[in-house]
Amino acid sequence: MELDFGPAVRDFRDEVRDWLADHLVGEFAENRGVGGPTDGAAWEVRLAWDRELSAGGWLGVGWPQEYGGRGLGLLEEIVFEYEYARVNAPYRATVNALDLLGPMLLKMGSETQKKRFLPPILAVEELWGQGFSEPGAGSDLASVRTRAERDGDEWVVSGQKVWTSFGIHADWVYVLTRTDPQSARHKGLSLLLLSTDQPGVEIRPIRNLAGQDEFAEIFLSDARTGADMVVGEVGQGWRTAMATLGIERGTTLLPQQLTFEREAEALIDLARERGALDDPMLRRRIVDAWISVRIMRTTNLRTIAELTAGRTPGAQATTAKLYASTRHQQLGQLATELAGPAGQIVGEDYALDRRQRSFLLSLAETIYGGSSEIQRNIIGEQVLGLPKEPRP
């Protein structure tokens, strides 16, 4: 897939391409396409690759220069992400900080917080995890019970967080807490920045279906952080958290869609190899899978056009995540069926091939970044104008 973003960024595009051609070599090239939002494969190689990107000034392309970024515009950010995905570079290990926390701090953080945390993120000196979900508050974040009490110049935090991506590597976490014990639901919440290197913080890995431990649960027992570590206003953590999830849900899915397109092409090759194209029912499903990735492309391009024109993305941006996650699962299911019994055989020590890993990890895509059930509610209420779902 080739896109021309116009003469205004053509020189920048060529600069990105030349740098990637010169630096995506050796062990980095050997790990093209490795990793993902829930895939911790080749962690050390990906971390080294992030440091290579940092040294070249390619992390935080759109972040202000005073915090270590390049200070470029949205179009340059999109061009970089597209070219990065086009060459199938390793998935960045620092995604939590780069794609979620960093933009949130730029939007809602204090100047002190920006100067303290943004440069180390871009230098790959500090890694971050997200402390939102809890055992009793996954998709329903308003039910969080982790509490934070003010003690002089510090907050004392106790509770449990779960499903923290790459949590075992995190030096810091941003934690949604209840700072008003008398509050309920969305009120009385605050978002705190908290160091994991202290007594009272225990991080345990969670092994997933693919045999990896990129998820973690975090236990907080009177852990402490400074009073100035609140992002946004005290008691307004729900608004801050929703801004973060808005970044996650609204991020252009073009790089991910390119990965799905490669998988669809591999599916067609597998179907030809197995003679499956002679079966009209299978052929129909394969064509449907290919159409789905083309729809994703069109949707993403529409969203890019709206963003670069300074307009609020339309309804397709709200439906993009739901559509992409469900269709990717169907794509993986079909690929597994076409592979036959061989697709169910794993290697030594449960080693999975790329097709198996992609399918198993896709099962979480309808949960993270907003579950499909929540997404359907948002679409129904905010896009279609349907009545709100009654609450007990």
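- Within 6.0 Å of the CG atom in Asp197, the count of heavy atoms belonging to other residues, nucleotides or ligands does not exceed 12.
- The six-membered or imidazole ring of Trp172 lies near that of Phe117, with a centre-to-centre distance under 6.0 Å.
- Rounding to the nearest 0.5 Å places OG1 of Thr177 at 10.0 Å from CG of Leu220.
- Leu122 is not listed as a side-chain neighbour of Tyr67, based on a closest heavy-atom distance of 4.5 Å or more.
- Side-chain contact between Thr196 and Val173: present, with at least one pair of heavy atoms (C-beta onward) separated by less than 4.5 Å.
- Placement of Leu118 and Leu101 within a single hydrophobic cluster is found when ILVMFWY residues are connected by side-chain heavy-atom separations under 4.5 Å, directly or transitively.
- Asn31 is not listed as a side-chain neighbour of Arg46, based on a closest heavy-atom distance of 4.5 Å or more.
- Put simply, Val144 and Trp163 are part of two different groups of oily side chains (I, L, V, M, F, W, Y) that touch within less than 4.5 Å, one to the next.
- For the pair Glu149 (side chain) and Ser158 (backbone), a donor-acceptor distance under 3.5 Å is absent.
- Residues Pro90 and Leu24 form a side-chain contact, since some pair of their non-hydrogen atoms from C-beta on lies under 4.5 Å apart.
- The heavy-atom pair separating Pro387 from Glu381 by the smallest distance is O-CG, 4.1 Å.
- In this structure, Arg262 places its CZ atom where more than 12 heavy-atom neighbours from other residues, nucleotides or ligands lie under 6.0 Å away.
- The side-chain heavy atoms of Met104 and Thr240, taken from C-beta on, include a pair separated by under 4.5 Å.
- In the displayed structure, Asp153 atom CG is contacted under 6.0 Å by at most 12 heavy atoms of other residues, nucleotides or ligands.
- Connection of Leu53 to Leu72 is established within a shared hydrophobic cluster, with ILVMFWY side chains joined at heavy-atom distances below 4.5 Å, either directly or through further cluster members.
- In this structure, a donor-acceptor pair under 3.5 Å is present between the side chains of Gln330 and Arg327.
- Between the Gln198 side chain and the Arg224 main chain, a donor and an acceptor come within less than 3.5 Å of each other.
- Val231 has its side chain within reach of Leu105: a pair of non-hydrogen atoms, C-beta onward, lies under 4.5 Å apart.
- In terms of hydrophobic clustering, with Ile, Leu, Val, Met, Phe, Trp and Tyr side chains grouped at heavy-atom distances under 4.5 Å, Val162 and Trp128 are assigned to different clusters.
- Note on Phe219: it does not cluster hydrophobically with Val175, by side-chain heavy-atom contacts below 4.5 Å among ILVMFWY residues.
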Pair Lys114-Glu66, salt bridge (charged side-chain N to carboxylate O under 4.0 Å, His left out): steps then yes or no: CA-CA 10 Å; Lys114 294 175 186 178; Glu66 59 263 37; over 6 Å; no
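- From Asp171, atom CG reaches atom CD of Glu125 across 10.5 Å, with rounding to the nearest 0.5 Å.
- Using a 4.5 Å cut-off on side-chain heavy atoms (C-beta onward), Arg272 and Leu277 make contact.
- A donor-acceptor contact shorter than 3.5 Å links the side chain of Lys321 to the backbone of Glu365.
- Judged by distance alone, the side chains of Thr366 and Gln329 do bring a donor and an acceptor atom under 3.5 Å apart.
- Interatomic distance, CZ of Phe359 versus CD of Glu337, reported as 8.5 Å (0.5 Å rounding).
- Between Leu331 and Ser358, every side-chain heavy-atom pair lies at or beyond the 4.5 Å cut-off.
- Between Phe132 and Tyr174, the angle of the ring planes goes over 60°, which puts this pair in the perpendicular group of the 30/60° scheme.
- Around atom CZ of Arg302, no more than 12 heavy atoms belonging to other residues, nucleotides or ligands sit under 6.0 Å away.
- For the pair Arg70 and Phe80, the NZ or CZ position fails the cation-pi test of under 6.0 Å to the six-membered ring centre and within 45 degrees of the ring normal.
- For the pair Thr94 (side chain) and Ala97 (backbone), a donor-acceptor distance under 3.5 Å is absent.
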